[in-house]
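Each remark here refers to the structure printed beneath this line.
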Amino acid sequence: MFVQKKPVVVSFIAMACAAVAAIADEKPTSYMPVKVGEKFETIRSRMEAAKAGIAKEHQSVLDERYDLSDRPAQAKMFRGKSLQAGPRAKLPTGMTWDKLAAMSPDEVRRKGAFPKGYMPLPHPNHPEGGMVFPKFHIDEINKQEGRELTRFDLDFDLPEHFLPEFPPAIFLTTRPDLGDVSQGKLVTIMNYYDIFDGLLNPKQLEGVRLLVTPFPQQQFNQTEDRRTVQPSRGVTCFDCHVNGHTNGATHLVGDIRPQEFRHRIETPSLRGVNIQRLFGSQRALKTVEDFTEFEQRAAYFDGDPVIATKKGINVLERASQVHFMAEFEELLDFPPAPKLNILGRLDPAKATEDEKRGEALFFGKAQCSVCHVPPYYTDNLMHNLKAERFYEPVMVNGMMMSADGPIKTFPLRGIKDSPPYLHDGRLLTLEDTVEFFNLVLGTNLTAEEKHDLVEFMLAL
């Protein structure tokens, strides 16, 4: 069972909110304090002093949950980066995957046997939260733009070998004949015109410009309540959704209170948004335009429009800005899947025996196709897995391990290109994903069946 650990530090936001509530003898508020009450130098000094302790505490959680070693699998992403072999979640001493799968959810919960790596994953500093970027992205943005995305209080947590390849390829639904149009580059404000002029119409080109233009955000702004050494121009949509895909950057969802119940979010890919009808892992926004507008109006500032006004909210105009951005986003295609036919099923003449057995399992015993329907392997609905059946609620590093609630069905097309998996990135490999759903769905797959199922998903 998890042991409640004494927190190393309480975030400034949490301290300020608690202080306000204590002074006024009121319940905690959903709002952040607009008046900070500390000089920037004081905030920075305090948080820098606490940084090493916070990182050590969070790393202990990761080490307890996962095997984080670099063990490449034979399978590779589109541009050649190896996936990691798994599963990586650690089992309790004396437990095996087969033993665990034979237990009922109640028995697993009573014995505390559910893998800790399959419980909700905390933010690197959950009481503080905010956007955190992998170092490889920080370095490239600094090189191209001279824009700093390093936080003085916090670093990204997951090792690079578990993240998507960088920079990722870009495929356009309008020009499938070209394949990857990224030229092997990270698209930024410095090069987007050279890359896309002549491929897109002027409206779409303007949409790309807006997607790579920095605007103020909760941690990256010009006020004293920022998390960069120098005042920041902000972040771009493509700082997380790099090249219209993902770099694994993390944040906390802005639509939950109090802080300990907020979910970590692992940046989803924008590939294939043209075939999706729900946007956001739980918000169920209905259009790409809604999602695009929501990000800067709400998600950039933790769902608090009051603090957004102070820090410099960028209110996008729906007809001439949001629509242009969304039009380009809807051109982002899935990567090629040469073994699939036009209906999204395996071509028997091209598939291996392992892949064909995996497909039969996907549409049969494993029950994957109940939600992941071809040709794009989503039903465009939301489902509640109720994983909390398997564990007792517990606080870990400032996050309450509780129920996730309904989560959207993300497409599985091109799934090998976007590790880690599940909405919060708790499943580090495809093998972890199979083990997790084998427990949640009670499908009792054999070791060979699990292998075959992974082989099929690698072909999607």
Side-chain angles (χ1 to χ4, degrees), residues 78-79 131 133 136-138 140-147 149 164-217 220 232-249 267-276 279 285 287-297 299-300 313-335 414 417-418:
F78 179 82
R79 298 189 61 223
M131 290 185 178
F133 302 98
F136 55 76
H137 183 80
I138 292 173
E140 183 62 21
I141 290 296
N142 216 335
K143 177 182 175 181
Q144 286 200 36
E145 301 182 22
R147 180 165 55 91
L149 291 173
E165 57 191 356
F166 181 86
I170 302 175
F171 307 97
L172 300 178
T173 59
T174 48
R175 293 298 305 274
D177 55 304
L178 296 177
D180 175 17
V181 300
S182 72
Q183 302 179 18
K185 300 175 182 178
L186 175 67
V187 178
T188 69
I189 195 70
M190 307 303 293
N191 61 22
Y192 82 94
Y193 189 86
D194 290 337
I195 292 173
F196 289 109
D197 184 33
L199 292 180
L200 305 176
N201 69 31
K203 184 167 62 170
Q204 296 157 356
L205 199 59
E206 173 64 3
V208 179
R209 185 190 69 81
L210 290 164
L211 289 165
V212 294
T213 296
F215 296 106
Q217 186 267 345
F220 300 88
S232 172
R233 284 174 279 161
V235 302
T236 77
C237 297
F238 273 24
D239 279 333
C240 295
H241 301 283
V242 292
N243 287 12
H245 186 45
T246 175
N247 56 12
T267 303
S269 176
L270 296 183
R271 291 173 177 174
V273 294
N274 60 312
I275 60 88
Q276 297 180 52
F279 302 92
L285 301 171
T287 69
V288 181
E289 288 82 1
D290 290 341
F291 176 76
T292 301
E293 188 171 7
F294 168 87
E295 287 296 290
Q296 292 196 19
R297 279 184 176 269
Y300 269 34
I313 185 172
N314 174 53
V315 179
L316 294 167
E317 202 278 318
R318 185 84 175 193
S320 62
Q321 292 183 315
V322 173
H323 181 70
F324 292 10
M325 296 163 76
E327 183 168 325
F328 174 75
E329 291 172 277
E330 290 174 327
L331 300 183
L332 296 167
D333 205 359
F334 295 109
D417 277 11
S418 55

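Numbers here simply count residues along the sequence, with the first being 1. This structure is a prediction, so every number in the text was calculated from the model and none was measured.
Looking only at side-chain heavy atoms (C-beta outward), Leu332 and Ile170 come within less than 4.5 Å of each other. Under the 4.5 Å side-chain criterion, counting only non-hydrogen atoms from C-beta, Arg147 is in contact with Asp239. Annotation: side chain of Tyr300 is in contact with side chain of Val235 (closest heavy-atom distance under 4.5 Å). Taking 4.5 Å as the limit, every side-chain heavy atom of Phe291 sits out of range of all side-chain heavy atoms of Val273. Using a 4.5 Å heavy-atom cutoff, the side chains of Ile313 and Gln296 are not in contact. No side-chain heavy atom of Cys237 sits less than 4.5 Å from a side-chain heavy atom of Glu295. The shortest distance between side-chain heavy atoms of Ile275 and Phe334 falls below 4.5 Å. Looking only at side-chain heavy atoms (C-beta outward), Val242 and Thr267 stay at 4.5 Å or farther from each other.
Separation of the Phe196 and Phe328 ring centroids falls under the 6.0 Å cut-off. Proximity of the aromatic rings of Tyr192 and Phe238 is defined here by a centroid distance below 6.0 angstrom, and this criterion is not met.
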Can you give the donor-acceptor pairs under 3.5 Å from side chains of residues 181-188 to other protein atoms, not counting sequence neighbours?
{"from": "Ser182", "atom 1": "OG", "to": "Asp180", "atom 2": "OD1", "distance (Å)": "2.9"}
{"from": "Ser182", "atom 1": "OG", "to": "Asp180", "atom 2": "OD2", "distance (Å)": "3.2"}
{"from": "Ser182", "atom 1": "OG", "to": "Gly184", "atom 2": "N", "distance (Å)": "3.1"}
{"from": "Gln183", "atom 1": "OE1", "to": "Lys185", "atom 2": "NZ", "distance (Å)": "3.3"}
{"from": "Thr188", "atom 1": "OG1", "to": "Gln144", "atom 2": "OE1", "distance (Å)": "2.5"}
{"from": "Thr188", "atom 1": "OG1", "to": "Met190", "atom 2": "N", "distance (Å)": "3.1"}

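Remark: side-chain polar atoms of Arg79 are paired, donor with acceptor, to backbone N or O of Pro167 under 3.5 angstrom.
Using bins of under 30°, 30° to 60° and over 60° for the plane-to-plane angle, the ring pair Phe171/Phe78 lands in the perpendicular bin.
Among all heavy-atom pairs drawn from Phe136 and Asn247, the shortest one is CZ-O, 3.9 Å. Contact detail for Ser418 and Pro164: the closest heavy-atom pair is CA-CG, 4.3 Å. Gly244 approaches Ser269 most closely through the heavy-atom pair O-OG, 4.0 Å.
The structure places CD1 of Ile189 at 3.5 Å from OG1 of Thr213, a figure rounded to the nearest 0.5 Å. For the atom pair CG (Leu199) and OG1 (Thr174), the distance works out to 8.0 Å, reported to the nearest 0.5 Å. Note that CD of Gln276 and CG of Leu270 are 8.5 Å apart. Values are rounded to the nearest 0.5 Å. Interatomic distance, NE2 of His241 versus OG1 of Thr236, reported as 9.5 Å (0.5 Å rounding). Atom-to-atom distance recorded for Leu149:CG and Asn142:CG is 8.0 Å, nearest 0.5 angstrom. Thr287 contributes atom OG1, which lies 3.0 Å from atom CG of Asp290 (distance to the nearest 0.5 angstrom).
The only option from Asn243, Asp417, Thr246 that meets the side-chain hydrogen bond (donor to acceptor under 3.5 Å, both in side chains) definition with Arg271 turns out to be Asp417.
Comment: Glu293 engages Arg318 in a salt bridge, judged by a side-chain N to carboxylate O separation of less than 4.0 angstrom. Using a cut-off of 4.0 Å between Lys/Arg side-chain N and Asp/Glu carboxylate O, Glu206 and Arg209 are scored as salt-bridged.
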